[in-house]
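Note sheet for the following structure.
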Amino acid sequence: MSSKVQAIRGTQDMLGEQAERFQAVVAAFGRVRRLYGFQRVEVPVIEATAVFARSLGETTDVVSKEMYSFEDRGGEPITLRPEFTAGICRAFLSEGWQQHAPLKVAAHGPIFRYERPQKGRFRQFHQLDAEIIGSDAPAADVELLSFADQLLRELGVADGVTLQLNTLGDPETREAWRAALVEHFQAQREALSEESLARLDKNPLRILDSKDARDRIIADSAPAIDDYLSEAAANFFASVTAGLDAAGVAWTRNPRLVRGLDYYRHTAFEFVTDRLGAQGTVLAGGRYDGLIEALGGPHTPAVGWAAGIERLAMLIERPEAERIEVALVPLGTAAEAAALRILADLRRSGIASDMAFRGNMKKRMQRADSSGARYAIIVGDDELARGEVALKDLTSGKQEAVALDGLARRLAATIPRGGHSELAAGLADHAASPSSSTDRVAKAS
RNA sequence: GCGAUCGUAGCUCAGCUGGUUAGAGCAUCGGUUUGUGGUACCGAGGGUCGCGGGUUCAAGCCCCGUCGAUCGCCCCA
């Protein structure tokens, strides 16, 4: 294999079921996004490295070791986006989108991180992303979390997933708590793991979610943020949780859920599953009121989340495979020309169809069958002479002669329009029953 | 960056303590007189056993390296 071309480590090629799962996640995101009034936004995959370096704080491991950075031919430092948020905030500033604040936007696409691949973790992966920029209201947090919650419900993964919620408070709260934590850990530093000793200098909050048993005892007895919350911060968090309760979004408090970077304020959350090993976080986000300032903009409060498409795709029920409705089976050269005409008519009428044009009739019928089509249209010289075709129902095996004239129109009336009306079909499914799509999968399998 | 396990046909795997021309199922392609699919039967193609080196009379099997995969650690914006 060494002489053959191969995919870059940590990238993936998807076909068939994998691609269908991926597409199902994106389609659900698109539907729910519209229900919540989030506009679709498109931003570049590449940005000036400074966009991410400044938003992430220049020094961290994240910036120095885990970004795909390079110089372009003009010598400009460029980075493949390691997240959506910084790029969207940059666009918010450089495109003058402040005039639209508060701005509700959603995006999805490839994300790059130079990491060791493992389960549900790739170097090129894909995220869904939602942001509300320019609102300091707790209602924005609630809105965003409701969106996330409904998305996971519609994907059918909500049952195995819990929303863990915490507050990091306002800057004063955060500083006071951080100082108390450092003091607490310093006092017992001999008992900490080596990793946590390093964290003590770099990122003390992270000791709270250490997996090491030695750290756990110390972390569990660490001071809780609740004792340091300012009145304003406490009120903010209370509004968020009350809003979630009112909206019927289930949550649990996780006082050890933290974010390392200073621009995070108030709400932090993760939707977590136990079904993906060490990579159990399926959707995560929080309030980042300090980020836009870090990019050189005016103080602009904002909240957002991102979710890994691949991880969600692994969790959902297998989606129904895409298939065509009608397969044409022409017999002979004259018939093939006629069949091409019929095929074009069907497709223009919105009926997904294809043609089997190789092999003898048996092979062609086999191909028609394995395409998953509901009908086969058999076009032979006999039929053509009479101005008809044979329409065979591949489920029942019944076959009848049908006039060529108006064939596409007749079929269009009985066959649901397929292919390019996925969004409408999805909405219809949802209206009928939230679980209808999984029901169909169950029946099909 | 670190550790563990793994790497045989497109896919899932078999290949006994190292011993002739490396197998199966599925898939693909063709055939059972180009007019009828889901079954059945016959046949074909497809592998320098990830790659490189070493040990040996002999390596798919043992050793080293390398690349890749998987799972975990670190990290997780």
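Just so it is clear: chains get the letters A, B, ... in the order the sequence lines come, proteins before strands, and each one is counted from 1.
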Would you kindly give the [atom1]-to-[atom2] distance between [X] and [N], to the nearest whole Å?
X: A/Arg214; N: B/C73; atom1: CZ; atom2: C1'; answer: 13 Å
X: A/Leu394; N: B/U36; atom1: CG; atom2: C1'; answer: 10 Å
X: A/Asn360; N: B/C29; atom1: CG; atom2: C1'; answer: 13 Å
X: A/Leu257; N: B/C76; atom1: CG; atom2: P; answer: 13 Å
X: A/Leu56; N: B/C76; atom1: CG; atom2: P; answer: 11 Å

Only pairs with both distances under 3.5 Å count, Watson-Crick or wobble alike; so what is the partner of [N] in this structure?
N: B/C6; value: B/G68
N: B/C75; value: none
N: B/G46; value: none
N: B/C61; value: none
N: B/G23; value: B/C13

Would you classify [X] as touching base, sugar-phosphate or nothing, given that sugar-phosphate means primed atoms plus P, OP1 and OP2, and contacts are heavy atoms under 4.0 Å?
X: A/Tyr114; value: nothing
X: A/Gly277; value: sugar-phosphate
X: A/Thr333; value: nothing
X: A/Glu66; value: base
X: A/Gly87; value: nothing
X: A/Arg113; value: base

Can you check whether any acceptor in the base of [N] is under 3.5 Å from a donor in the side chain of [X], or vice versa?
X: A/Glu383; N: B/G35; value: yes
X: A/Lys392; N: B/U36; value: yes
X: A/Lys65; N: B/G1; value: no
X: A/Asp369; N: B/G37; value: yes

Exercise. Counting N and O atoms only, with roles assigned by atom type, does the side chain of A/Trp305 sit under 3.5 Å from a partner on the main chain of A/Glu131, one being a donor and the other an acceptor?
Worked result: no

Problem set entry | Short side-chain to backbone donor-acceptor contact, A/Arg347 and A/Ser353, under 3.5 Å | yes

Exercise. So, do A/Phe237 and A/His266 have ring centers that fall under 6.0 Å from each other?
Worked result: no

Problem set entry | Partner of A/Arg256 under salt bridge (Lys or Arg N to Asp or Glu O under 4.0 Å), chosen from A/Asp209, A/Asp220, A/Asp215 | A/Asp220

Please check the phosphate of [N] (OP1 and OP2 only) for any side-chain N or O of [X] closer than 4.0 Å.
X: A/Gln118; N: B/G72; value: yes
X: A/Arg364; N: B/G37; value: no
X: A/Asn203; N: B/C76; value: yes
X: A/Lys211; N: B/C74; value: yes
X: A/Lys119; N: B/C71; value: yes
X: A/Arg116; N: B/G1; value: no
X: A/Arg199; N: B/C74; value: yes
X: A/Arg367; N: B/U36; value: no

Exercise. Expressed in whole Å, how much space separates the C1' atoms belonging to B/U20 and B/U32?
Worked result: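 That atom pair is separated by 37 Å.
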
Problem set entry | Whole-angstrom distance between B/G25 and B/A40, as gauged at atom P |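 One P to the other, the span is 13 Å.
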
Which nucleotide in the list [options] gets nearest to the side chain of [X]?
X: A/Gln6; options: B/G68, B/U34, B/A40; answer: B/G68
X: A/Leu261; options: B/A77, B/A40, B/G30; answer: B/A77
X: A/Arg121; options: B/C29, B/A77, B/C74; answer: B/C74

Exercise. Does the cation-pi check pass for A/Arg123 over A/Tyr114, that is, NZ or CZ under 6.0 Å from the six-membered ring centre and within 45° of its axis?
Worked result: yes

For this session: For the pair A/Trp251 and A/Phe269, evaluate ring-ring contact (aromatic ring centres under 6.0 Å, His included) and give the outcome as yes or no after the intermediate values.
Result: CA-CA 9 Å; A/Trp251 57 277; A/Phe269 55 86; over 10 Å; no

Exercise. Between A/Glu270 and A/Phe122, which is nearer to the 5' end of RNA chain B once each is assigned its nearest nucleotide?
Worked result: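 The residue closer to the strand's 5' end, by nearest nucleotide, is A/Phe122.
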
Exercise. Starting at the 5' end of RNA chain B and moving along, which residue's nearest nucleotide shows up first, A/Gly120 or A/Asp212?
Worked result: A/Gly120

For this session: Check the side chains of A/Tyr228 and A/Glu172 for a donor-acceptor pair under 3.5 angstrom, ignoring hydrogens and angles.
Result: no

For this session: Could you tell me whether A/Asp13 atom CG has more than 12 heavy atoms of other residues or ligands within 6.0 Å of it?
Result: no

